[in-house]
Undergrad: 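Before I ask anything, let me first share the structure, which is written out below as structure tokens.
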Amino acid sequence: MKKKLYLSKEDCKFLGVCSGLSNYLNLDVSILRISTVILTLLFPVTIIIYFAIWFILPENNSNSRI
């Protein structure tokens, strides 16, 4: 079965972008959150990319993990 990338409200702290990416990439969500903060401090354009991902990706309507 093919994996799909969704926003995940299951373990989200803000908008569900990092949680959805962690489900898709099979990574710990904390690693993605820390990486996002570090990238935002180094490259402020990361904020625009984060919100673009949030705007583009659909929300996962099922209750199960992907």
Side-chain angles (χ1 to χ4, degrees):
M1 184 171 180
K2 216 172 171 186
K3 284 203 243 182
K4 293 186 180 182
L5 183 57
Y6 292 105
L7 297 175
S8 176
K9 299 296 182 180
E10 183 177 319
D11 188 24
C12 84
K13 297 289 183 188
F14 185 53
L15 296 174
V17 174
C18 289
S19 181
L21 283 172
S22 72
N23 288 339
Y24 183 75
L25 298 172
N26 292 324
L27 290 175
D28 186 23
V29 70
S30 299
I31 294 171
L32 284 176
R33 288 180 181 140
I34 292 169
S35 300
T36 302
V37 170
I38 291 171
L39 283 172
T40 300
L41 293 173
L42 294 174
F43 308 104
V45 74
T46 306
I47 296 171
I48 296 169
I49 295 169
Y50 185 91
F51 282 107
I53 292 171
W54 170 73
F55 184 72
I56 293 170
L57 288 183
E59 187 174 328
N60 187 7
N61 292 329
S62 69
N63 292 331
S64 63
R65 289 183 72 108
I66 299 172

Undergrad: I want to check something: taking the side chain as every heavy atom from C-beta on, are Val17 and Leu57 in contact at a cut-off of under 4.5 Å?
TA: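 A side-chain contact is absent here, since even the closest heavy-atom pair is not under 4.5 Å.
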
Undergrad: What distance do Ile53 atom CD1 and Leu15 atom CG have between them, rounded to the nearest 0.5 Å?
TA: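 It comes to 11.0 Å.
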
Undergrad: Are Trp54 and Phe14 packed together at the side-chain level, in the sense that at least one heavy-atom pair is separated by less than 4.5 angstrom?
TA: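 The answer is no, as the side chains (C-beta and beyond) never meet within the 4.5 Å cut-off.
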
Undergrad: Can you tell me how far CG of Leu39 sits from OH of Tyr50, rounded to the nearest 0.5 angstrom?
TA: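 It comes to 13.0 Å.
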
Undergrad: Among Lys3, Lys9, Lys4, which one satisfies side chain to side chain contact (heavy atoms under 4.5 Å, CB included) with Tyr6?
TA: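 Of the listed options, the one satisfying the test is Lys4.
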
Undergrad: Under 4.5 Å between side-chain heavy atoms, hopping through other hydrophobics if needed: is there a path connecting Ile49 to Ile31?
TA: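 No; tracing contacts between hydrophobic side chains, which count when under 4.5 Å, never links both residues.
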
Undergrad: Please report the closest heavy-atom contact between Ser8 and Cys12, naming both atoms and the distance.
TA: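 Where Ser8 meets Cys12 most closely, the heavy atoms are O-CB, 3.3 Å.
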
Undergrad: Determine whether Asn60 and Leu7 make a side-chain contact, defined as any pair of heavy atoms from C-beta on separated by less than 4.5 Å.
TA: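 No, too far: nothing below the 4.5 Å cut-off.
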
Undergrad: Taking side chain to side chain contact (heavy atoms under 4.5 Å, CB included) as the criterion, tell me which of Thr40, Leu41, Leu42, Thr36 meets it with Ile38.
TA: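 The passing option is Leu42.
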
Undergrad: For Leu32 versus Cys18, what's the shortest heavy-atom pair and its separation?
TA: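 Reported closest heavy-atom pair: CD1-O, 3.6 Å.
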
